[in-house]
There are 2 protein chains.
Amino acid sequence: MTAPQTQGISILLVDDHPVVRQGYRRVLEHQDDFHVVAEADNAADAYRAFKAHAPAVVVMDVLMPGASGLEAVRNIRSRSSSTRILVFSMHSEATQVKAAFNAGANGYVTKGSAPGELIRAIRAILRGEQAISDDIARVLALESLSPTGSALDQLGEREIEILRQLAAGATTEQIAANLNLSMKTVQNYHYLIKTKTGMRTDAQLVRLAVECGLASL
Amino acid sequence: MTAPQTQGISILLVDDHPVVRQGYRRVLEHQDDFHVVAEADNAADAYRAFKAHAPAVVVMDVLMPGASGLEAVRNIRSRSSSTRILVFSMHSEATQVKAAFNAGANGYVTKGSAPGELIRAIRAILRGEQAISDDIARVLALESLSPTGSALDQLGEREIEILRQLAAGATTEQIAANLNLSMKTVQNYHYLIKTKTGMRTDAQLVRLAVECGLASL
DNA sequence: TCCAGCTTGGGAAATTTTCCCAACGAACCT
DNA sequence: AGGTTCGTTGGGAAAATTTCCCAAGCTGGA
């Protein structure tokens, strides 16, 4: 079940854009000891390819249609704790990065990074380190300086779930039905979420939810 | 001011992600007569590179930080009507595609397209045709079948502007101040927009605005 | 045990939403 | 010209929601 080490480092490459995969494949195979053994363009195929090839490293874009890439990261991590998973993404928000590491990623590199950073990150996670690209490091560093963590830290589980559904477009009535609550309770949560987060309009709440990775689109 | 034809087809490649540019460069230069003469990673540099190299074709990602890529398309088009501009984008929404063509693009290909489609599109626009990738064709075809065009088609200018500001997170009061209207008028627009678009919550309005390219994130 | 914090909801005033309506001007058609 | 449509701007009034205060049950920790 562990990856073969005899002929270099086996890599599974996951991205939904063929051209982007070509770019990464080229960058990766420029390293003599790297070998892309499989590609996938969605989360389900990624998991299948992982089981079939048991690669030493999974390089994955978390932004894919259908099932979330983070879902795939979680699945892979639950199956193998030794596989190194490097996430690359368009996003450099701290919440996105944390979500990736929570899901089991070993590294996080933005798509804007230079090719060399990707290589360095892979070598780092192969040594057992955690790797992030320079721009991510800057974002996280700045965030750690600010007294306010993620806006979600101040919210309870129930509040987060209601914020998620609000951002998804659900009405108060639908949320109440979904969670078996009275509309009154949902209204109170709605208000509480706004005051706690300092958002004044529902539109701002949606943007917050998206920033925090609670909602997409 | 026109591109030299003697040594093949000169191409300017614009994308903010270095690795993505590498992927495209590889695909493009696999064609003997294609030659990438310059790259740029933002709208301003793209315009500068265009003026410096006068490429026959500009291949550009419209989704870039800072100034919109569409802005750059407009600038280039206003300077040269003979330059062929191929837009590629993550998005396949009809409104995005129309916006690109309105800005002066000759073709539109999604990043999810196979490399061959990109090549075909470039050859097509070089012949003076308009080119779109298969998935875009499907989206536009379906849209032309449905009686409802884009959700924005049914909205007036003022309504669109108010929707934009709502989605951006502005309060009724702020919008009224921004547009020199009474709050009552803004409220009426807000309601009218919801009924016209069939959206029930403000969160759904935000999602609609994002889908239509009125707002980001 | 007691406190703190999450969860759940009632109550009531303040505010907004909802839908009705009217008026003005511009564009368009005849 | 005259008429019609449509976008824009707002008033009014009932309905609904938001806002804020309060309380009770529950859980986990000091």
Side-chain angles (χ1 to χ4, degrees), chain A residues 95 102 147-209 212-215, chain B residues 95 98-99 102 147-209 212-215:
Chain A
T95 52
N102 283 338
T148 65
S150 164
L152 295 188
D153 291 351
Q154 52 197 327
L155 299 183
E157 240 180 275
R158 213 62 196 207
E159 290 160 339
I160 288 185
E161 174 58 20
I162 285 173
L163 171 57
R164 202 188 56 69
Q165 296 200 27
L166 282 171
T171 64
T172 299
E173 204 170 356
Q174 291 168 341
I175 298 176
N178 291 342
L179 302 181
N180 264 104
L181 295 177
S182 79
M183 284 182 56
K184 189 66 229 229
T185 300
V186 177
Q187 287 175 348
N188 278 334
Y189 271 118
H190 192 160
Y191 169 70
L192 198 61
I193 293 167
K194 279 208 267 190
T195 54
K196 275 193 179 179
T197 59
M199 300 294 122
R200 317 248 342 208
T201 71
D202 286 352
Q204 292 172 2
L205 275 187
V206 173
R207 304 170 82 78
L208 176 72
C212 295
L214 277 186
Chain B
T95 51
K98 288 175 180 171
N102 283 338
T148 64
S150 164
L152 294 189
D153 291 351
Q154 51 196 327
L155 298 183
E157 243 180 90
R158 215 69 214 231
E159 289 160 339
I160 288 185
E161 175 58 21
I162 285 174
L163 171 57
R164 202 188 56 69
Q165 296 199 27
L166 282 171
T171 64
T172 299
E173 203 169 358
Q174 290 168 339
I175 298 176
N178 290 344
L179 301 179
N180 264 106
L181 295 177
S182 80
M183 283 180 56
K184 189 67 227 228
T185 301
V186 176
Q187 287 175 347
N188 278 334
Y189 271 118
H190 191 158
Y191 170 71
L192 198 61
I193 292 168
K194 279 208 268 190
T195 54
K196 275 192 180 181
T197 59
M199 299 295 121
R200 316 252 343 242
T201 70
D202 286 354
Q204 292 172 2
L205 274 187
V206 173
R207 304 172 82 80
L208 177 73
C212 294
L214 276 186

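Just so it is clear, the values below take in all heavy atoms, side chains as well, and ignore hydrogens, waters and symmetry mates. Not measured: the values here are computed from a predicted model. Numbered from 1 within each chain, the chains take letters A, B, ... in sequence-line order.
The backbone N or O of A:Gly169 lies less than 3.5 Å from a partner atom in the side chain of B:Gln204, making a donor-acceptor pair. Looking at B:Arg207, its side chain does come within 3.5 Å of a backbone N or O of A:Ala167 through a donor-acceptor pair.
Regarding A:Glu161, its CD atom lies at a distance of 11 Å from the P atom of C:dT7, rounded to whole Å. Atom CG of A:Leu179 and atom P of C:dC6 are 18 Å apart (whole Å). Spacing between atom CG of B:Asp202 and atom C1' of D:dT18 amounts to 12 Å, rounded to whole angstrom units. What separates OH of B:Tyr189 from C1' of D:dC6 is a distance of 11 Å, to the nearest Å. Rounding to whole angstrom units, CD1 of residue B:Ile193 and C1' of D:dG7 are separated by 13 Å. Rounded to whole Å, atom C1' of C:dT17 lies 13 Å from atom CZ of B:Arg200. Distance B:His190 NE2 to C:dT18 C1': 12 Å, rounded to the nearest Å. Atom-to-atom, CZ of B:Arg158 to P of C:dA26 comes out at 15 Å; the value is rounded to the nearest Å.
Residue B:Lys194 places at least one side-chain N or O under 4.0 Å from the OP1 or OP2 atom of C:dT18. Proximity of A:Thr185 to the phosphate of C:dT8: no side-chain N or O atom is located under 4.0 Å from OP1 or OP2.
With C:dT16, C:dG9, C:dT7 as the candidates, the nucleotide lying closest to the side chain of A:Glu159 is C:dT7. Distances from the side chain of A:Asn188 to the nucleotides C:dT8, D:dC21, C:dT7 place D:dC21 closest. Across C:dT16, C:dT18, D:dT9, the shortest atom-to-atom separation from the side chain of B:Leu181 is found for D:dT9. In the set C:dT8, D:dT18, C:dT16, C:dT16 carries the atom at the smallest distance from any side-chain atom of B:Gln187.
In this structure, B:Leu192 and A:Met183 both approach DNA chain D, and ranking their closest nucleotides by distance from the 5' end singles out B:Leu192.
At least one side-chain heavy atom of A:Gln165 sits under 4.5 Å from a side-chain heavy atom of A:Leu179. B:Met183 has its side chain out of reach of B:Ile175: every pair of non-hydrogen atoms, C-beta onward, lies at least 4.5 Å apart.
Of the candidates B:Thr185, B:Asp202, B:Thr172, B:His190 forms a side-chain hydrogen bond (donor to acceptor under 3.5 Å, both in side chains) with just one, namely B:Asp202.
The base of C:dT15 lies outside donor-acceptor range of the side chain of B:Lys184, with no N or O pair under 3.5 Å.
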